[in-house]
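Working notes, structure below.
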2 protein chains.
Amino acid sequence: MAYFQAVHRPLRFTVPPSNSARLSNCSTCNLAELCLPVGLTDEEMQRLDELNMQKHSYARGDYLYRGGDKFRAVFAINRGAFKTRVLHEDGREQVTGFQMAGEIIGLDAISTDMHDGEALALEDSVVCELPFHRLETLSRDIPSLQRHFHKIMSREIVRDQGIMLLLGSMRSEERVAAFLLTLSQRYAARGLSPTQFQLSMSRQDIGSYLGLKLETVSRAFSHFQEKGIIAVRTRSIEILDLALLQAGVNSSC
Amino acid sequence: MAYFQAVHRPLRFTVPPSNSARLSNCSTCNLAELCLPVGLTDEEMQRLDELNMQKHSYARGDYLYRGGDKFRAVFAINRGAFKTRVLHEDGREQVTGFQMAGEIIGLDAISTDMHDGEALALEDSVVCELPFHRLETLSRDIPSLQRHFHKIMSREIVRDQGIMLLLGSMRSEERVAAFLLTLSQRYAARGLSPTQFQLSMSRQDIGSYLGLKLETVSRAFSHFQEKGIIAVRTRSIEILDLALLQAGVNSSC
DNA sequence: CATGTTTTTTGACTCACATCAAACTCAATT
DNA sequence: AATTGAGTTTGATGTGAGTCAAAAAACATG
């Protein structure tokens, strides 16, 4: 709870934090993003069983889905983390997002009944599979579920537009600062430390996500460290001066 | 119809074309994107009247909504064109999209009940206002409408991810080529000429959308013109060599 | 049509980030 | 402890696109 205090004035491009930091349980999964803020009655919660959700495990490096895969379900991440990416025919890849426990993934497939991009596990992970047509059926009966699902999709749109803002009008160090702040807020929203966390993705992945080369990401980290803003230990980050980091987003000092 | 032939092998980052080029009429509007591909029965079409859609006109430069506005409705563009943008606190703006007749706008507001960005008319325009809670209610009764609305939201996500790919891993001329191709396909999808069209937005707007300065956009246009790929007359474009333009997307020659 | 304003084009110059390359770290394996 | 290999850091150098500036074209207005 105290963690929440630390992160004030959320920035436009960051992920809107979830409505609450506590996670509630569906019968099978911790579906923070799907079940929690809906305010479902006990009876409605029971009806969620009709979704017949299945848990699956994935090892680091496993694909959750690939581009072109038939769309069957959306996925709620239960444990672990994933990256999503799209591929260009000439092989260029672009990481479109990092997803952590409690978040929903696979929303790109609804429009065409095929996954447009691919998702792969950054760590050993557990996900809940939500058969999409059952989710649609059920949300016809439970208006609050319907509304909440719409909110999740809309949040995805807002988030992507935030990244467009970042890619289109920020320079390298601003982007990296924004990235770290976003991570920080997402950890805070889940009741984890917003000032000290592991990076489950490589510099390469971060660079791809931010439209930068890995060397540039590394240099930004080093530079922030020199200035005492963060402490970097390869795959773990400690934020030492949040205010300075936030300042760094608006003008690469 | 013949226009469709001209555009082959749609590129990953482009807008998935609508399912059909013909527009059907709801009782009040031409809601291409909302009503058409659903396959509604006559009776269901009539029920759409319950939405009580209202038409409104906007002059060039008018705001359809602004950041922070309360969310009441999504909008179906009937005539004209809009741009959407998000603003950074320090004044930097980023154009997040251009919308033309037949497209749905305002999907960013669902998650927070507030519009995140703003939309303003690039030409004199007419839009249909779709009160969102009525749309939700109705889509509980009409599964095909529900599914179709989900597809529209998902398509927006895919489209934004395409722009992320563009901003993150393409260089200036590739971006401009991709932009022109996307426009071309959108015109084709609406039964208009894909090789000759008006640009309702400024070079500045295009630049902001593509993460480039207006001078860079202008230079790219000029360069394409020198090479005989397009003919530019300030606010109107003619595509002379579609194949070359497509080639230009993958490697800025 | 003359005038002022905005938008677009073009050119010269600069700099942030990419590129290339080499050294270093860390974890896994033998 | 030595070996390997992927991932990361750091330095030296090059270039694509930004910046600044000025001319040209398009547009608006009295």
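In this structure, the CD atom of B:Q225 is 9 Å from the P atom of C:dT9, given to the nearest Å. The interatomic distance linking A:E226 (CD) with D:dT10 (C1') rounds to 11 Å, in whole Å. When the C1' atom of D:dG18 is taken as reference, atom CZ of B:R203 falls 18 Å away, rounded to whole Å. Straight-line distance from the CZ atom of A:F221 to the P atom of D:dT8: 10 Å, rounded to whole Å. In this structure, the CG atom of B:L214 is 15 Å from the P atom of C:dT6, given to the nearest Å. Atom P of nucleotide D:dT10 and atom CZ of A:F224 are separated by 14 Å, given to the nearest angstrom. Rounding to whole angstrom units, NE2 of residue B:H223 and C1' of D:dA17 are separated by 15 Å. Distance B:L199 CG to C:dT7 P: 15 Å, rounded to the nearest Å.
A:E173 and A:K227 are not joined by a salt bridge, as no carboxylate oxygen comes within less than 4.0 angstrom of a charged side-chain nitrogen.
Under the 4.5 Å side-chain criterion, counting only non-hydrogen atoms from C-beta, B:S125 is not in contact with B:R79. Here the side chains of B:E93 and B:R85 are in contact, with some heavy-atom distance below 4.5 Å. Side-chain contact between A:L167 and A:Q94: present, with at least one pair of heavy atoms (C-beta onward) separated by less than 4.5 Å.
By the 30° and 60° cut-offs, the orientation of the rings of A:F71 relative to A:H115 is perpendicular. The aromatic rings of A:F75 and A:Y65 lie parallel to each other, with less than 30° between the two planes, well short of the 60° mark.
In terms of heavy-atom proximity, A:I237 sits nearest to A:L199 at CG1-CD1, 3.6 Å.
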- Can you check each nucleotide of nucleotides 23-30 of chain D against protein heavy atoms at under 4.0 Å and return B for base, S for sugar-phosphate only, - for none, in 5' to 3' order? ---S----
- Begin with the C-alpha distance, continue with both residues' side-chain angles, and end with the deciding distance and a verdict on side chain to side chain contact (heavy atoms under 4.5 Å, CB included) for B:F98 and B:L122. CA-CA 9 Å; B:F98 301 107; B:L122 291 168; 3.9 Å; yes
- side chain to side chain contact (heavy atoms under 4.5 Å, CB included) between B:M100 and B:R190, worked out: CA-CA 10 Å; B:M100 51 190 284; B:R190 285 179 172 69; 3.6 Å; yes
Taking only N/O atoms, report every protein-nucleotides 12-21 of chain C pair under 3.5 Å with atom names and distance.
| residue | atom | partner | partner atom | Å |
| --- | --- | --- | --- | --- |
| C:dC17 | OP1 | A:S172 | N | 2.8 |
| C:dC17 | OP2 | A:S172 | OG | 2.9 |
| C:dA18 | OP2 | A:T216 | OG1 | 2.3 |
| C:dT19 | OP2 | A:K213 | NZ | 3.4 |
| C:dT19 | O4 | A:R219 | NH2 | 3.0 |
| C:dC20 | N4 | A:E215 | OE2 | 3.3 |

